Amino acid sequence: MHTDICAGFAPQAEIASRFPIDGEVASISQIKSGHINETYLVTTHNGSRYILQWINRYVFPNVEALMQNMSAISAFLRQHSQGKMAMINYMDTVDGRSYYDDGKGGAWRLYRFVPNSICLQRAETAEDFYQSARGFGSFQYALRDFPAEMLAETIEKFHDTKDRYSKFRQAIEADECGRLQEVRKEVDFALEREERACRLQKLRQEGKLPVRATHNDTKINNVLLDKDTRKALCVIDLDTVMPGLSAHDFGDAIRFGASTAAEDEVELSNVRLNLDYFRAFTRGFLEACPSLSEAEVRALTQGAYTMTMECGIRFLTDYLMGDKYFSTDREKHNLDRCRTQFKLAEDMESRWEEMENIVEEEYGKIKAAAREGLSS
Ligand code: GN1
Ligand code: MG
C-alpha cells in the first residue's frame, strides 16, 4: 500500500483493497458531490480507476435492502434496455459480499469508474441540461414496466410531502437548538403553502397518477455525460430508486438544475427559475420518456414546485434539528439552502402559466412528431 501517495486516505485505501481491484492502490482523492454519502476516486498502479463510496447509515439504515434494490434494477435494465442504458456495476468484496462492513458502523461499496465520463455539478449550457433530461427520461422509460412494488423503501416516506410537513412541525415544536426565532419568516412561508405543496401527493392518493419505479434524486450530478460528445451516458446514485411519481424525478431535476444560482447561494436576488433551462429539460425528458400519461405530463409543473418546497422544508427541518441529516460546510448552511428553495418556489408561483405553457408546447411538438412518424 502506498500511503505516501494516499496521504490522509489510508483507511479508504485499506478498504478499497477489500475488493478485487486490479493492482495496488496508487492514489485516492475525495469527490465532493452529494450531501449524504462520501465518494472517493481510487486509482491503482495499473491505471484502473474505481469509485469507492461510504454509505451513510443514519440516512440508509438498511444497506442490505438498498443493495438488493440496486441489483434488481440493474438486472432489469440490462435485460430490457438493449444495451442503450449503461449501468454502473458494483463489485462484490473478496469475501463475496455486496458491500464491506468496516465493523465501525461504516458500509462501503465500490464500482469501476465509467470510462470517458464526466459528472457536472451544474449544467454549463442548456444543451447539457437537455442531455441530463434525456438520461433521466431514458431511465424512467426503461423502467416503465418494472414492478415498483417489489422495491424496498430505502427511506420511508421519502417524497411524502405531507409527512415532511409533519416532521417539520415536530421540529418546530421541539426547537431543540433554539433556532426557531431566527427562522420565523421561513417557517411561516412554508406553512402558508402547505396545501399547494401537497397537491402532487393528493393526485397520487386520488389514483390520478401511476406509481412507478423512480430515481427520486435527479440532480444533474447523478447522471454521467460522455466527456467528448457530452451526451448522457449513465444514471448513477440509485440509492433512492423506489416507488414514486415521474413528476418527482422531473421536479427534483428542475429545482436543482434550472435555478439561476447554486443551491446554497446566499444572495437571494440571484435565485430565479431559468425558463430556457426549464424548456430544455422538459423537451429532453418528454422525448426520452414517451410512456408518460397525459395526466403525468400535466403534473410536471406541480412536480417542480412540490420538489422545491419539499426540499426547502427538509433543509429547514434539519436546521431546526441541528444539522444531522445533510452534511454542511459552514454555519447556517442548511438555512441558506432552505432560503434558495423558498425563493425559487416563489419565483415559480409567479411564472406558473409560463411553465405550464412550455410543458404544453413541448408536449404538443412531441405528439405532432409522433403523428408524422406514424403517417410517413
Ligand atoms: C441529497 O446526496 P445527494 O446530494 O445526492 C438528498 C436529496 C436532496 C439533495 C439536496 C438520500 O442528495 O433528497 O434533494 O441532497 N438525498 C437523500 O441537494 O436524502
Ligand atoms: Mg444521493
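Since we're looking at a predicted model, the values are computed, not measured. All ligand and atom numbering here is 1-based and tracks the order in the structure. Position 1 is the first residue of the sequence; numbering continues from there.
Between the side chain of Gln341 and the backbone N or O of Phe256 there is no donor-acceptor pair closer than 3.5 Å.
The distance from ligand 1 to the heavy atoms of Asp217 drops below 4.0 Å at these ligand atoms: 3 (P), 5 (O), 7 (C), 12 (O), 16 (N). Taking every heavy atom of Gly34 and a limit of under 4.0 angstrom, the matching atoms of ligand 1 come to 2 (O), 3 (P), 4 (O). Shown in contact with Asp237 at under 4.0 Å from a heavy atom are these atoms of ligand 1, numbered in order with element: 5 (O). Heavy-atom contacts of Tyr325 reach the following atoms of ligand 1: 11 (C), 17 (C), 19 (O) (cutoff under 4.0 Å). Counting the atoms of ligand 1 from 1 in the order shown, those under 4.0 Å from a heavy atom of Phe60 are 11 (C). Contact atoms of ligand 1 toward Glu263: 10 (C), 18 (O) (distance under 4.0 Å to a heavy atom of the residue).
With respect to His159, the side-chain hydrogen bond (donor to acceptor under 3.5 Å, both in side chains) criterion is satisfied by exactly one of Glu310, Gln201, Arg204: Glu310.
Classified by interplanar angle (parallel below 30°, tilted 30° to 60°, perpendicular above 60°), the ring pair Phe76/His80 is parallel.
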Worksheet entry | Candidate pair Met309 and Phe342, rule side-chain contact (heavy atoms from CB on, under 4.5 Å), full reasoning | CA-CA 6 Å; Met309 282 302 297; Phe342 289 172; 4.1 Å; yes
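Judged by the shortest distance from any of its heavy atoms, Ile155 lies inside the 4.0 Å radius around the atoms of ligand 1. The closest approach between a heavy atom of Arg337 and any atom of ligand 1 is not below 4.0 Å. Residue contact check for ligand 1: Phe326 places a non-hydrogen atom closer than 4.0 Å to it.
Stacking of Arg97 on the aromatic ring of Tyr100 is not recorded, the 6.0 Å distance cut-off and the 45° axial limit not both being met. Geometric assessment of Arg314 against the ring of Phe326 yields a negative cation-pi assignment under the 6.0 Å and 45° thresholds. Within the cation-pi definition used here (under 6.0 Å to the ring centroid, within 45° of the axis), Arg196 qualifies as a partner of Trp352.
For atom 14 (O) of ligand 1, the nearest non-hydrogen atom from the set His248, His35, Arg255, Met307 belongs to Arg255.
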